[in-house]
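Worksheet: one structure, shown below.
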Amino acid sequence: MRQKIVAGNWKMNKTLDEAKALTSEVLQLVNAEVKGKAIVVLGVPFPYLVSLKDQLGSSSIKLSAQNSSQHDWGAYTGEVSALMLKSVGIPYVILGHSERRQYFGEDGKLLATKVDKALAAQLTPIFCCGEPLEIREAGTHEALVTKQVEEALFHLSAEALQKTVIAYEPVWAIGTGKTASSQQAQDMHAVIRKHIASKYGNDVASTISILYGGSVKADNAKELFSCPDVDGGLVGGASLKAREFVDIVKAIG
Ligand code: PEP
């Protein structure tokens, strides 16, 4: 179902005490200031998921893992499966972040399996796609991003696809302070939606949430989120500061 979502991606940051303090601050601000327009998700490191889940209690804030395995169980030292995340009550998982693609060699075929495992465990995958700078400069960004979406998601049934969230994150905008313009974001989101429509039809495409990620800040969020095909954001650096993050959440119209 198409929903407004603002998800933070804490990456590999914070001690447990710091994580609890940040969660508490976000929770307080969300309770006081956010009137339920967007789903707020915190993508936190694995070791903190259970403790932060207890801390959040019955709050509307949801937790996400930042990765999950292509396997269910077994001799895969260091891995965490979607079934494990499900067993501790975590509803979302970020998959295919550009840092996973770049530093851990994740490709479309692997991500298709990870998406399948997440959906089978009844998690909502937040599937990331996006082009590096040289591809943007070569003008082949639309072809690359539609291929990334196709490789990882187009084997899904319409019903399964509708349980998936897509995050378009141009790699050149991640952690660089350089944001895509709202026009660049809107153009790519529309291309992704149109590509989905070409296989699944307009009715399905119009129900998919497509988030923008890449140096989203409180001062650019409103413009980005006002684009018709931008359904919210995946926020890295700015999600580590409660005030800034909640101001981004409040930018959802
Ligand atoms: C991210 O890592 O998903 C991201 C968008 O990072 P940042 O907001 O820091 O660019």
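Indexing begins at 1, ligand by ligand and atom by atom, following the structure's order.
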Against heavy atoms of [X], which atoms of ligand 1 measure under 4.0 Å?
X	result
G175	7 (P), 9 (O), 10 (O)
G214	5 (C), 10 (O)
G237	7 (P), 8 (O), 9 (O)
A173	10 (O)
N9	1 (C), 2 (O), 3 (O)
S215	7 (P), 8 (O), 10 (O)
H97	1 (C), 2 (O), 3 (O)

Nearest neighbour in protein (non-hydrogen) for atom 5 (C) of ligand 1: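 For this ligand atom, the closest protein heavy atom is E169 OE2, 3.0 Å.
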Closest protein heavy atom to atom 8 (O) of ligand 1, given as residue, atom name and distance to 0.1 Å: G236 N, 2.8 Å
Is the shortest side-chain N to carboxylate O distance from [X] to [Y] below 4.0 Å?
X	Y	result
K11	E99	yes
D107	R101	no
E244	K217	no
R193	D231	yes
E106	R100	yes
K147	E142	no

Trace of the side chain to side chain donor-acceptor pair (under 3.5 Å) decision for Q3 with S209: CA-CA 6 Å; Q3 292 166 314; S209 298; 5.2 Å; no
N or O pair under 3.5 Å between E99 and ligand 1: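 For ligand 1, there is no N or O atom that lies under 3.5 Å from one belonging to E99.
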Mutual orientation of the aromatic rings belonging to H189 and Y168 [parallel < 30°, tilted 30-60°, perpendicular > 60°]: perpendicular
Heavy atom of G177, distance to ligand 1 below 4.0 Å: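 G177: no contact with ligand 1 (<4.0 Å).
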